[in-house]
There are 4 protein chains.
Amino acid sequence: MSDKTDATTTVGGVSGERLKSYIERIERLEEEKNGIADDITDIYTESKGFGFEPKIIRQIVRLRKMEADARAEADALLETYRAAVGV
Amino acid sequence: MSDKTDATTTVGGVSGERLKSYIERIERLEEEKNGIADDITDIYTESKGFGFEPKIIRQIVRLRKMEADARAEADALLETYRAAVGV
Amino acid sequence: MSDKTDATTTVGGVSGERLKSYIERIERLEEEKNGIADDITDIYTESKGFGFEPKIIRQIVRLRKMEADARAEADALLETYRAAVGV
Amino acid sequence: MSDKTDATTTVGGVSGERLKSYIERIERLEEEKNGIADDITDIYTESKGFGFEPKIIRQIVRLRKMEADARAEADALLETYRAAVGV
DNA sequence: ATTGCGGTTTTTGCCC
DNA sequence: GGGCAAAAACCGCAAT
């Protein structure tokens, strides 16, 4: 590091401070994400305690998601057609 | 459906109402999770606009996570020892 | 390499001949796969010549696949239920 | 549908019959492609049973492909030169 | 322990 | 060449 350069200054064309900020924001969000994933796992575990097979629940969730996605895709297709035709 | 059975009651050993609740909780959390994943994507996109390669950032994040995990692991081990010895 | 050992013999616990065979089978199949992918590309190109937007066609294909998958998933779920209940 | 229009006729500038044909050809080819992909997976699985790590095999296949591509590229370049010079 | 499976991430190809 | 969608690869869990 050269004189009169602190950690927040551009070094070799790379703004260390900004990079650090991005990384920390990402790490924070990743933590949140993992926390939620854990919550989901907990629900599966809890439901298992009431006799629901996680496998079945997952299948249901997946099916519902597929259906929702298919619906969204159908809407998008319609939109494409409308754009192609001009309203 | 048998007599004297409402929608919230056990049917064939399956409590429909409770199941529905679990599914909806899971779906809600999945949505949250995806929202956060999108936020993360946004950050990568934004950082790219400032010349940071997402690929590199991901590597850094991964590395830091590994280091953090290793440290946590070491701490846990130490804790185990202390417990074994009695502080 | 030891004497009286040809290329087809186990070397260091690895059967070179068998490995070679696997690799070649995989490569042959990969080629076939790429050939088919090219055929698909050709169809998109040809259809474009008749005024069909590849983008739309792709969307339709995607939608139909999603619907087919959702149907398959629903069937699988039903199967799971039947197994859980015992027919 | 308007009068005097059969299923094979242009509707709103779109020939339904031809479109259908394209889509079905694509879908058929996609299925073939997936079938081959499954075959490849099977080979990896089988090879694993003989102690070959799929991960390693994949690396070898990828490497050989890169080499083959590089050679083809070099040949093409040579061809270009020859054409430019007139043999 | 080992293998299938689900999810996530990384890479590739495509179209603009 | 740069973004977007599809495919492949890697990984971690879970079940047996």
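Order of the sequence lines fixes the chain letters, A, B, ..., with proteins taken first and strands second; residue numbering starts at 1 for each chain. Please read all numbers here as calculations on a predicted model, not as lab measurements.
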| What are the 5'-most and 3'-most nucleotides of DNA chain E lying under 4.0 Å from any heavy atom of chain B? |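 Going 5' to 3' along DNA chain E, contacts run E:dT8 to E:dT11.
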
| query | Nucleotide by nucleotide, 5' to 3', does protein get under 4.0 Å of the base (B), only the sugar-phosphate (S), or neither (-) in nucleotides 6-16 of chain F, counting heavy atoms? | reply | SSSSSS---S-

| task | Using the ring pair (Phe, Tyr, Trp, His ring centres under 6.0 Å) rule, collect all pairs that involve residues 21-44 of chain A, keeping only residues at least two apart or in two chains. | result |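 Only A:Y22-B:F52 qualify under ring pair (Phe, Tyr, Trp, His ring centres under 6.0 Å).
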
| Can you find a heavy atom in the side chain of A:L19 that is under 4.5 Å from one in the side chain of B:I57? |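 A side-chain contact under 4.5 Å exists here.
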
| Side chains of B:R28 and B:E24: closer than 4.5 Å at any heavy-atom pair? |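 No, too far: nothing below the 4.5 Å cut-off.
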
| message | According to salt bridge (charged side-chain N to carboxylate O under 4.0 Å, His left out), does anything in residues 41-57 of chain A pair up with another residue at least two apart or in another chain? List the pairs. | response |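 Salt bridge (charged side-chain N to carboxylate O under 4.0 Å, His left out) check on residues 41-57 of chain A returns A:E46-B:R25.
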
| request: Under the side chain to side chain contact (heavy atoms under 4.5 Å, CB included) rule, collect the residues that match up with A:E31, sequence neighbours excluded. | output: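 Partners of A:E31 by the side chain to side chain contact (heavy atoms under 4.5 Å, CB included) criterion come out as none, since no residue qualifies.
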
| said: So for atom CD, which belongs to D:E73, do other residues, nucleotides or ligands contribute more than 12 heavy atoms lying within a distance under 6.0 Å? | reply: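 No, the 6.0 Å shell around CD holds no more than 12 heavy atoms from other groups.
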
| request: Return the value, rounded to whole Å, for the distance between atom CD1 of C:I60 and atom C1' of F:dA5. | output: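 Distance, rounded to whole Å: 17 Å.
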
| message | Determine whether B:R62 and B:K65 satisfy the following criterion, side chain to side chain contact (heavy atoms under 4.5 Å, CB included), listing intermediate values before the conclusion. | response | CA-CA 5 Å; B:R62 211 183 312 137; B:K65 186 171 191 313; 5.7 Å; no

Side-chain polar contacts of residues 76-87 of chain D - donor-acceptor pairs under 3.5 angstrom, sequence neighbours left out - could you list them?
from	atom 1	to	atom 2	distance (Å)
D:T80	OG1	D:A76	O	2.9

